[in-house]
Amino acid sequence: AAPVLLKRLLNGNDPVPVRLALVDALPNTGGDWQEGAAALVAVDASPRVRKKLVEVLRYVPPPHNLSGLRLALGDEDLEVRVAAARTAGFTRDGTALFTELVSATFDEDWDMRAAAVQALGQLTGPRGTPQQNPARDRLVRMLSDERAEVRLQVLLALERIDPAGLRRLPDLERLARDRRSPQVAEVAGRLLRERPPETTTPTAGSHNVVATP
């Protein structure tokens, strides 16, 4: 059944509700539909259908899922791009999309920025220390984003990527006083309370007092 459904989607003659149902049916066919679905992301005229295709890419293994998501991240429709970013966070080998997701954090639309940040937080990133994560520095700078929804997602993403480093950031004190967003203030306040106490080292000339019996 998979080739038949793909052919009908490629022809594009069916109404949008029918094409949406065809996309929904693809994963249930058990056939070879993954590559075709990824290619159709750049073909279908309806943003609703393209968004649905992006959502089913969650069930597609590499490399076809990655090729389809790359197409969707450059789509002209905002909802398709947002869906692609959110799907990327659940995608196997989604770290291959790091460059595209970091670029999406500069998008003018806050919903796109928030979706990209959320995906970056869900992906484990390259091996190494948290400071080597290619997204970390960009996320730290985004703690000053104008939208509270984005700042909240940044806090949650950094807590996943670099929890110890996040708790040491001075930005937390400012965000804990964020009156524009109780959620941001609540999360930042919790992180502040979990911050380990600072350790002091003896200064030059200091004395260690030793008690004698």
Side-chain angles (χ1 to χ4, degrees), residues 1-123 125 134-135 138-139 142 145-150 152-154 156-157:
V4 176
L5 301 185
L6 289 172
K7 184 176 181 179
R8 288 184 62 174
L9 285 167
L10 183 61
N11 289 337
N13 296 327
D14 292 296
V16 168
V18 174
R19 300 209 302 279
L20 291 172
L22 292 172
V23 175
D24 272 332
L26 282 173
N28 298 321
T29 63
D32 186 10
W33 58 273
Q34 293 88 346
E35 184 176 5
L40 283 168
V41 171
V43 175
D44 201 281
S46 168
R48 292 174 59 195
V49 176
R50 297 199 302 274
K51 180 182 176 182
K52 178 66 71 173
L53 285 164
V54 166
E55 291 169 349
V56 300
L57 289 178
R58 181 182 299 191
Y59 310 107
V60 175
H64 303 313
N65 59 349
L66 300 177
S67 62
L69 289 174
R70 282 197 177 95
L71 291 171
L73 285 169
D75 198 275
E76 62 182 8
D77 186 82
L78 173 63
E79 291 191 8
V80 175
R81 297 198 305 274
V82 170
R86 289 177 175 153
T87 302
F90 299 97
T91 300
R92 196 168 66 184
D93 290 349
T95 52
L97 299 170
F98 256 62
T99 299
E100 290 83 355
L101 291 171
V102 172
S103 296
T105 65
F106 292 91
D107 199 276
E108 294 182 358
D109 187 89
W110 69 266
D111 200 11
M112 185 66 206
R113 297 198 304 275
V117 167
Q118 188 177 31
L120 289 169
Q122 290 169 324
L123 298 174
R138 170 58 184 158
L139 291 175
M142 291 183 72
D145 194 276
E146 62 182 9
R147 292 294 300 223
E149 295 88 344
V150 177
L152 177 63
Q153 291 301 327
V154 171
L156 298 176

Give me the atom names and distance for the closest heavy-atom approach of [X] to [Y].
X   : Y    : answer
W33 : P27  : CZ2-CA, 3.6 Å
A88 : L69  : CA-CD1, 4.0 Å
V23 : K52  : CG1-CG, 3.3 Å
D93 : P62  : OD2-CG, 3.4 Å
R19 : S46  : NH2-CB, 3.4 Å
A85 : M112 : CB-CE, 3.9 Å

Side-chain (R81) to main-chain (G74) donor-acceptor, under 3.5 angstrom: no
Donor-acceptor pair, side chain of N65 and main chain of V60, under 3.5 angstrom: yes
Check: [Y] and [X] side chains under 4.5 Å, non-hydrogen atoms:
X    : Y    : answer
V154 : D145 : no
V43  : L10  : yes
L123 : L101 : yes

Lys/Arg-Asp/Glu bridge criterion (N-O < 4.0 Å) met for R50, D75: yes
Selection residues 6-16 - residue pairs positive for side-chain hydrogen bond (donor to acceptor under 3.5 Å, both in side chains), sequence neighbours left out: R8-D14
What is the distance from atom [atom1] of [X] to atom [atom2] of [Y], rounded to the nearest 0.5 Å?
X    : Y    : atom1 : atom2 : answer
L26  : L5   : CG    : CG    : 5.5 Å
Q118 : F90  : CD    : CZ    : 6.5 Å
L120 : M142 : CG    : CE    : 8.5 Å
L6   : Q34  : CG    : CD    : 9.5 Å
L20  : L53  : CG    : CG    : 9.0 Å
W110 : Q153 : CH2   : CD    : 9.0 Å

CD/E55: more than 12 non-hydrogen atoms of other groups inside 6.0 Å: yes
Residue pair L57, V41: steps toward the side-chain contact (heavy atoms from CB on, under 4.5 Å) verdict: CA-CA 10 Å; L57 289 178; V41 171; 4.2 Å; yes
Qualifying residues under salt bridge (charged side-chain N to carboxylate O under 4.0 Å, His left out), relative to D111, sequence neighbours excluded: R86
